[in-house]
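So you know, we letter chains A, B, ... as the sequences are listed, proteins then strands, and number each from 1. As the structure is a prediction and not an experimental result, all values here were calculated from the model.
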Protein chains: 2
Amino acid sequence: MNPAGYPGAVSEAVWDRSRCSVAGTLAVVGEKWSLLVLREAFLGVRRFADFQRVLGAPRAVLSDRLATLVAQGVLQRVPYQAEGERQRHEYRLTQKGIDLHPALVALMEWGDRYLAEDGEAPLELRHRDCGEPVHLALVCAAGHELAGAREVRAVPRVPAG
Amino acid sequence: MNPAGYPGAVSEAVWDRSRCSVAGTLAVVGEKWSLLVLREAFLGVRRFADFQRVLGAPRAVLSDRLATLVAQGVLQRVPYQAEGERQRHEYRLTQKGIDLHPALVALMEWGDRYLAEDGEAPLELRHRDCGEPVHLALVCAAGHELAGAREVRAVPRVPAG
DNA sequence: CGAAGGGGGTTCGTCAAGTGAACCCAGCGG
DNA sequence: CCGCTGGGTTCACTTGACGAACCCCCTTCG
């Protein structure tokens with residue numbers, strides 16, 4: 001244990017919150033609707049009107065969130081032209097955006113566990129190749145799958161001072 | 001592939017967003033400061049004044065977020081008394097709160113990858129038992145570790161209609 | 001040709017939420 | 001009794017979300 005009493009806890013003065021990666025990530029995708037936009041993007045939605053319809057978000061907000069996500073490099077605004085139609089553009093996930101997938105999965109798994117009324121997740125994730133259900137796990141470089149947060153020790157990289 | 005063009009994408013009309021677990025989870029912890037409060041809780045912070053000091057959040061907001069998280073069962077308000085001091089109370093993670101750990105880790109890993117200026121994560125997670133670094137992974141019930149979001153297929157549990 | 005319609009927005013008035021400073025109260029130490 | 005500390009609440013102000021209305025571009029239809 002440690003002064004704070006949690007396994008894995010870090011003495012509070014020892015690390016610099018101002019560069020915390022959680023806060024940084026939330027500065028990019030933490031505004032209202034941003035993560036829901038990304039959820040839809042992962043489900044294949046690409047066009048403004050479709051985002052607007054499935055999310056029900058105010059157009060102005062949606063417009064702002066999409067612009068922000070594009071500016072951050074999480075989405076990409078791509079022009080395209082279906083035959084017989086005029087040119088449009090669509091929003092696609094970049095690699096940077098695709099790498100947010102675990103965060104969405106983590107939020108989804110928690111909601112499935114604690115919020116689903118009937119105990120049934122509305123959406124299930126399966127391995128494309130083998131069809132088995134998929135879940136997030138913490139694994140260490142030695143190959144152990146950790147049972148929970150208690151098995152994790154947080155180590156600040158730059159000591160105080 | 002599918003109509004939307006993404007591997008794993010779900011035809012848009014096929015599932016009901018209103019019960020989406022991502023949205024549900026964000027309704028619980030998606031307000032400003034909530035996830036940062038939980039980050040500190042995982043690092044061992046427990047008292048109001050400590051949250052306030054390390055986060056720099058307005059007291060009124062912090063007060064509201066803590067109350068909300070307690071009401072949601074993510075934190076627990078526990079009275080305690082150190083010797084020679086008057087009775088105080090502290091905020092502790094419940095199991096429901098501890099289960100949000102993967103979500104925070106996912107956000108942290110993304111920030112480490114894309115936002116750390118020097119390429120060095122400010123905080124590293126290690127396995128308590130073997131000391132090896134730890135990371136989040138998608139694993140399927142057959143034991144495969146998935147390489148990325150593209151290997152995931154989302155299956156709605158309740159068909160349209 | 002002009003009208004209609006849909007995609008992709010912006011603008012505007014209103015209302016909720018976040019912010020910082022000030023204030024409050026209980027309990028303890030002197 | 002005075003002042004200090006922890007844990008808040010209240011208040012005035014600014015920022016952000018909301019819904020409705022409006023706008024432009026391009027295409028199709030009459």
Review item, nucleotides 9-15 of chain D N/O atoms under 3.5 Å of protein N/O:
{"residue": "dT9(D)", "atom": "OP2", "partner": "Ser63(B)", "partner atom": "OG", "Å": "2.7"}

Value in whole Å for how far the [atom2] atom of [N] lies from [atom1] of [X]:
X	N	atom1	atom2	value
Arg65(B)	dG8(D)	CZ	C1'	15 Å
Arg47(B)	dG8(D)	CZ	P	12 Å
Arg53(B)	dT5(D)	CZ	C1'	13 Å
Leu55(B)	dG18(C)	CG	P	14 Å
Asp50(A)	dG8(C)	CG	C1'	12 Å
Gln52(B)	dA21(C)	CD	P	11 Å
Arg46(B)	dG6(D)	CZ	C1'	17 Å

Treating [X] as the side-chain partner and [Y] as the backbone partner, does any N or O pair qualify as donor plus acceptor under 3.5 Å?
X	Y	result
Trp110(B)	Lys96(A)	yes
Thr25(A)	Met108(B)	no
Thr94(B)	Val74(B)	yes
Arg126(B)	Arg153(A)	no

Side-chain N or O of [X] versus OP1/OP2 of [N]: is the shortest distance under 4.0 Å?
X	N	value
His89(A)	dG9(C)	yes
Tyr91(A)	dG7(C)	no
Lys32(B)	dG16(D)	no
Arg77(A)	dG9(C)	yes
Trp33(B)	dA17(C)	no

Inset, instruction - Could you verify whether a donor N or O on one side chain and an acceptor N or O on the other, from Glu151(B) and His127(A), lie under 3.5 Å apart? - result: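 Present: a donor and an acceptor within the cut-off.
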Legend entry - Salt bridge present between Asp50(B) and Arg53(B) (N-O < 4.0 angstrom):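 Looking at Asp50(B) and Arg53(B), the cut-off is met.
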Inset, instruction - Provide the full list of side-chain hydrogen bond (donor to acceptor under 3.5 Å, both in side chains) pairs with a residue in residues 57-68 of chain B, sequence neighbours left out, each pair given once. - result: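 Qualifying pairs: Gln52(B)-Arg59(B).
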